Student: 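Below you'll find the structure I mean.
Quick caveat, the model's predicted, so the values are computed rather than measured. Just so we're on the same page: letters track the sequence lines, and every chain starts at 1. The figures that follow rest on heavy atoms only: side chains count, while hydrogens, waters and symmetry mates do not.
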There are 2 protein chains.
Amino acid sequence: MLHSDLAHSTQDCEACPIRHRAVCARCDADELQVLEGIKYYRSFEAGQTVVWAGDRMDFVGSVVSGVATLTQTMEDGRTQMVGLLLPSDFVGRPGRDGAAYDVVATTNLVICCFRKKPFEQLMETTPHIAQRLLQMTLDELDAAREWMLVLGRKTAREKIASLLAIVARRDATLNLLTPNGKLVFDLPMTREAMSDYLGLTLETVSRQMSALKRDGVIVLEGTRHITVPDFSRLLEEAGDDSDGGMLS
Amino acid sequence: MLHSDLAHSTQDCEACPIRHRAVCARCDADELQVLEGIKYYRSFEAGQTVVWAGDRMDFVGSVVSGVATLTQTMEDGRTQMVGLLLPSDFVGRPGRDGAAYDVVATTNLVICCFRKKPFEQLMETTPHIAQRLLQMTLDELDAAREWMLVLGRKTAREKIASLLAIVARRDATLNLLTPNGKLVFDLPMTREAMSDYLGLTLETVSRQMSALKRDGVIVLEGTRHITVPDFSRLLEEAGDDSDGGMLS
DNA sequence: GGGTCTCCTTGACCCAGATCAAACCGACAC
DNA sequence: GTGTCGGTTTGATCTGGGTCAAGGAGACCC
């Protein structure tokens, strides 16, 4: 599971708290030094685009804070979000120059970047980086496939519940433990972004959010701040088996 | 792009024509010897299940011939196919014991398996195997994300056309070149399997196949044998940009 | 205060695709 | 030939979610 790994690396590696999850699990002094030499930080404001699909991308990196999304757009304007990047997630693709998707900051965002060329060289000389990246990519692949089930077979209500469950779980793991099964978090996205993720319209998202609120599955303060009184209830609504299926 | 790689390895590596695409791009004698020692073949008939989700899986491998599918099932029986495995595709996940999805042979199927433990050890001592596997996994991730767009935003007709385009492209690359822009291939799946892949019902699949036939986008002989008189027309119907977007 | 953004909610209506049901079409067995 | 069985097609009807349209609710500025 991802987050135990994250916690592990956060403790183990002083030089790279959350930032180099991809590489710090077993990093030694030499590698760290190389990494320090090729890294830099970039900040974005909510709404800014990090890269457009097709643009040259001369770095890889990981999200330090904030949330970014990967989206694909058809010529006629239909868009589908294909990835949600939360802190510690990896950005970019070694071995390819152009970005495959639009990467957009949905909140204020900080990325820790590594210049791509030297990073790729480091990958070649340091086997466990590729191994680590492989594990992360396999996790992402599992998440993408999980999402295919959501997109292909779930109802609007189940889709919303699934999204809330994912965000709640990640947020809870990163920030606060659940006091008594109750979960509190902020949605890092607009209704429109939710609809792009779920393959719905923004109106349907809004209606289903209202319905989940009416039925007591969630408590809404404003439009973003959410309390989940009973997480297992939320998972039921998502149509997931007991643990939510998003372990990996 | 996958297939050039495949062609490359098919030529370069006598000991593993199509079979070890994952590892043969730069294999040397020692590695090949190890691989020979831990490999074996398994055959399945159309309809047989290779593994059930959750079952222990003590091998990884690649498809030699035939077609297999990865599917997820919800408790109430709704199913979504999350992957289509064609010859040369990798099966299984290093570093995990249980299968994450049902793997089912949809045609007669031969898999070249490597016992997992020794394969994982080989991965640790042979950096380029992990690197190669990483590239393959990144390709699969791109394919999965492409499919998220199909599932989330495309109409039934576009979905069908997208599926046909994928199968046609892979089949054409593996077998026969297009003589004059015309493409001939056999669908390796039932209407029901198509519906599971596309997030539709089997009836809708059938109707849209009939519609594409009526409109001259495809020519059907029987239910499986398909001729595509104009591939670019098919891509248009799929709503893809000119090259179909499934390059990677 | 009022004006004007952006984001969100709610209502009324419509349609693509689901559902239910019947029939069709080889292939294979007897 | 007849039976039957899996896969497929086609028709009739229903419905979840899309579309169009009208307000609401903050946030920010003047």
Side-chain angles (χ1 to χ4, degrees), chain A residues 45-48 74 76-80 104 106-107 150-164 186-215 218-226 237 239, chain B residues 45-48 69 74 76-80 104-107 150-164 186-215 218-226 237 239:
Chain A
E45 288 178 19
Q48 273 191 296
M74 294 172 68
D76 61 8
R78 283 177 281 176
T79 70
Q80 175 66 50
V104 180
T106 58
T107 66
V150 173
L151 290 174
R153 291 300 182 193
K154 292 196 177 177
T155 64
R157 173 183 261 242
E158 289 170 333
K159 284 179 174 182
I160 301 281
S162 299
L163 177 56
L164 295 179
D186 285 300
L187 260 185
M189 43 171 54
T190 64
R191 297 287 183 266
E192 189 182 23
M194 293 173 72
S195 73
D196 282 342
Y197 205 2
L198 297 166
L200 298 170
T201 59
L202 131 188
E203 293 95 328
T204 299
V205 170
S206 184
R207 275 187 252 273
Q208 296 298 335
M209 288 289 286
S210 300
L212 287 175
K213 178 183 174 185
R214 169 172 42 74
D215 299 343
I218 59 174
V219 179
L220 270 172
E221 285 160 80
T223 63
R224 302 278 191 105
H225 192 74
I226 293 179
E237 293 287 354
Chain B
E45 288 177 19
Q48 273 192 295
T69 60
M74 295 172 68
D76 62 9
R78 282 177 282 177
T79 69
Q80 175 66 49
V104 181
T106 57
T107 65
V150 173
L151 289 174
R153 292 300 182 194
K154 292 196 178 180
T155 64
R157 173 183 262 244
E158 289 171 333
K159 284 180 175 181
I160 302 281
S162 299
L163 177 56
L164 295 180
D186 285 299
L187 259 185
M189 41 172 52
T190 64
R191 297 287 184 265
E192 188 182 23
M194 291 173 73
S195 73
D196 282 341
Y197 205 2
L198 297 167
L200 298 170
T201 59
L202 131 187
E203 293 95 329
T204 298
V205 171
S206 183
R207 275 187 251 274
Q208 295 298 335
M209 287 289 287
S210 300
L212 288 175
K213 178 184 174 186
R214 170 172 43 74
D215 299 344
I218 58 174
V219 179
L220 270 173
E221 285 160 82
T223 64
R224 301 276 189 107
H225 192 74
I226 293 179
E237 293 288 352

Student: Whole-Å distance between C:dA18 C1' and A:R153 CZ?
Tutor: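 Atom-to-atom, A:R153 to C:dA18, this comes out as 11 Å.
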Student: Base, sugar-phosphate, or nothing: which does A:T190 touch, judged by heavy atoms less than 4.0 Å apart?
Tutor: sugar-phosphate
Student: Has A:E192 got more than 12 heavy atoms of other residues, nucleotides or ligands less than 6.0 Å from its CD?
Tutor: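 Counting neighbours around CD of A:E192, 12 or fewer heavy atoms of other residues, nucleotides or ligands fall under 6.0 Å, so no.
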Student: Please lay out, stage by stage, how B:I218 and B:L164 fare under the test side-chain contact (heavy atoms from CB on, under 4.5 Å).
Tutor: CA-CA 9 Å; B:I218 58 174; B:L164 295 180; 4.0 Å; yes
Student: Whole angstrom is fine here: how far is it from CE in A:M194 over to C1' in C:dC7?
Tutor: 13 Å
Student: Does the pair A:D76/B:R153 count as a salt bridge with the N-to-O cut at 4.0 Å?
Tutor: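 No, this pair does not count.
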Student: For C:dA18, does either OP1 or OP2 sit under 4.0 Å from a side-chain N or O belonging to B:T204?
Tutor: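 B:T204 to C:dA18 OP1/OP2: side-chain N or O found under 4.0 Å.
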Student: Starting at CZ of A:R191 and ending at P of C:dT9, how long is that distance when rounded to a whole Å?
Tutor: 4 Å
Student: Test A:Q48 against A:V104 for side-chain contact (heavy atoms from CB on, under 4.5 Å), laying out the working first.
Tutor: CA-CA 6 Å; A:Q48 273 191 296; A:V104 180; over 6 Å; no
Student: Near DNA chain C, under 4.0 Å by heavy atom, which residues of residues 218-225 of chain A?
Tutor: A:T223, A:R224
Student: Between A:L202 and A:S195, which heavy-atom pair has the shortest distance, and what is it?
Tutor: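 Result for this residue pair: N-CB, 3.6 Å.
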Student: With sugar-phosphate meaning primed atoms plus P, OP1 and OP2, does A:G47 contact a base, only sugar-phosphate, or nothing at under 4.0 Å between heavy atoms?
Tutor: nothing
Student: Indicate yes or no: does A:R191 engage A:D196 in a salt bridge with an N to O separation below 4.0 Å.
Tutor: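 Salt bridge flag = no for A:D196 with A:R191.
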Student: Provide, to the nearest angstrom, the distance between the CE atom belonging to A:M209 and the P atom belonging to C:dC7.
Tutor: 16 Å
Student: Identify which nucleotide among C:dT9, C:dC20, C:dA18 has an atom closest to any side-chain atom of A:L202, counting heavy atoms from C-beta outward.
Tutor: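 For the A:L202 side chain, the nearest candidate turns out to be C:dT9.
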Student: Can you give the first and last nucleotides of DNA chain D, 5' to 3', that have an atom under 4.0 Å from a heavy atom of chain B?
Tutor: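 Boundary nucleotides touching chain B, in 5' to 3' order, are D:dT8 to D:dA12.
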Student: Do the charged groups of B:E158 and A:R78 touch, with an N to O distance under 4.0 Å?
Tutor: yes
Student: Are A:L163 and A:M189 packed together at the side-chain level, in the sense that at least one heavy-atom pair is separated by less than 4.5 angstrom?
Tutor: yes
Student: Applying side-chain contact (heavy atoms from CB on, under 4.5 Å), run through A:M194 and A:L187 and close with a yes or a no.
Tutor: CA-CA 10 Å; A:M194 293 173 72; A:L187 260 185; 3.6 Å; yes
Student: Starting at CG of A:L212 and ending at C1' of C:dC8, how long is that distance when rounded to a whole Å?
Tutor: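 To the nearest whole Å, that distance equals 16 Å.
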Student: Let me know the distance between CG of B:L198 and C1' of C:dA16, rounded to the nearest Å.
Tutor: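 Spelled out: CG on B:L198 to C1' on C:dA16 is 15 Å.
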Student: Between atom NZ in B:K159 and atom C1' in C:dG17, what is the gap in whole Å?
Tutor: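 After rounding, the reported distance stands at 9 Å.
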Student: Are B:R157 and B:L212 close enough, and set up right, to give a side-chain contact (heavy atoms from CB on, under 4.5 Å), and what steps lead you there?
Tutor: CA-CA 8 Å; B:R157 173 183 262 244; B:L212 288 175; 3.8 Å; yes
Student: Can you see if the side chain of A:S210 gets near the phosphate of C:dT10 - specifically, an N or O under 4.0 Å from OP1 or OP2?
Tutor: yes
Student: Side chain of A:R207: nearest nucleotide among C:dT19, C:dA12, C:dT9?
Tutor: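 For A:R207, the side-chain atoms sit closest to C:dA12.
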Student: Got B:Q80 and B:M74 here, is their nearest side-chain heavy-atom distance under 4.5 Å?
Tutor: no
Student: For the helix from C:dG1-D:dC30 to C:dC30-D:dG1, what angle separates the axis at the start from the axis at the finish, each from five pairs, in steps of 10°?
Tutor: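 Rounded value for the end-axis angle: 20°.
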Student: Looking at every heavy atom in both A:M209 and A:I226, which two are closest together, and how far apart are they?
Tutor: CE-CD1, 4.0 Å
